[in-house]
Amino acid sequence: MTAQIIDGKKLAQSIKDRLKSEIAGLAPKPGLAVVLVGDDPASRTYVNAKEKDSREIGFYSEVRRLPKNTSEENLLELITGLNQNPQIHGLLVQLPLPGHIDESKIILAVDPAKDVDCFHPVNTGALFSGLPRAVLPCTPAGCLELIKTTGVSLSGKKAVVVGRSNIVGKPAALLLLQNNCTVTICHSRTADLAAEIRQADIVIAAAGKAGLITGAMLKKGAVVIDVGTNRVDGKLTGDIDFASAQEIAGFITPVPGGVGPLTRAMLMQNTLNAYKAQLQK
Ligand code: NAD
């Protein structure tokens, strides 16, 4: 039996449709500001997509596209202005930034209440401690939404996260833990990746290595979530070798059309949540 494909596009659209109808009745509108420094093609595509989603849903949207040689000081000034702007409820600075800008300084400069990427330590710390916050990390939260659509109960399940970045791997592991999974985090120094993955009822792959995980490494019936986005011969492909994995997994996300659309939808959800939290103050 081949795995059921989890349709990320469809799920993301249903979330966006729900947000759109909720936002239609709101005044003032929630506002999202996105800042892009430089001309990295992938970042440009992501920012354009975020702008499109914002407008489609009915947010007030501001996109600031700055030249590559923008100074750290000027970027910090812009962030301060957006932090203080009452029309803006969500603010994100697209990463990576050019090398002369200290990313950690920029992450710390964003008002945690507007940090819809959930990168600020106030928000990641709240996640770590299990404290309620308006925002969740977008990609890991999207992975959880995808897993939940399978109807597979998370409680007591063995989950393996491949990757330990601050943006995906670590927060994904924390969310799985909060959902009562027994979680293993694998990374580039893991001694036997296949042995770890073979135990897993749930696999979240976020290594950024095309085809790293094959069907032969999976447990039969596993839920497999592929975060990886790798360009191979100009084609977008995940960390999972889809053809072989589909023969073994119970559920699997495609690339493209899996995690990516959910990451975007979660950003929109975070913006609405941040707006509500700010209005309540
Ligand atoms: P990263 O480079 O910061 O982290 C990669 C992690 O993978 C590291 O922790 C590393 O230890 C681990 N790793 C590398 N090689 C490995 C190996 N052979 N075996 C086991 N672990 C290994 O990347 P990131 O920002 O976490 O992103 C990971 C991937 O997810 C990338 O392909 C990125 O483009 C993609 N991504 C997709 C979305 C989306 O919305 N679809 C969002 C964020 C990131």
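Read the numbers this way: they start at 1 and go in the same order the structure lists the ligands and their atoms. Quick note: numbers below take in every heavy atom, side chains included, and nothing from hydrogens, waters or symmetry partners.
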Under a side-chain separation threshold of 4.5 Å, the hydrophobic residues clustered together with Ile248 are Ile5, Val160, Val162, Leu193, Ile197, Val203, Leu212, Ile213, Met217, Leu218, Val224, Ile240, Phe242, Ile252
Going by chain and number, the hydrophobic cluster around Leu236 (ILVMFWY, side chain to side chain under 4.5 Å) further includes Val255
Sorted by chain and number, sequence neighbours left out, ring pair (Phe, Tyr, Trp, His ring centres under 6.0 Å) with Tyr275 holds for His89
Sorted by chain and residue number, the residues having a heavy atom closer than 4.0 Å to an atom of ligand 1 are Thr139, Val162, Gly163, Arg164, Ser165, Val168, His187, Ser188, Leu193, Ala206, Ala207, Gly208, Lys209, Leu212, Val227, Gly228, Thr229, Asn230, Val259, Gly260, Thr263
Self-check item: Salt-bridge contact Lys209-Asp239 (side-chain N to carboxylate O under 4.0 Å)
Solution: no
query: Would you call Asp201-Lys219 a salt bridge at under 4.0 Å N-O?
result: yes
Looking at side-chain heavy atoms only, is the closest gap between Asn48 and Arg65 below 4.5 Å? yes
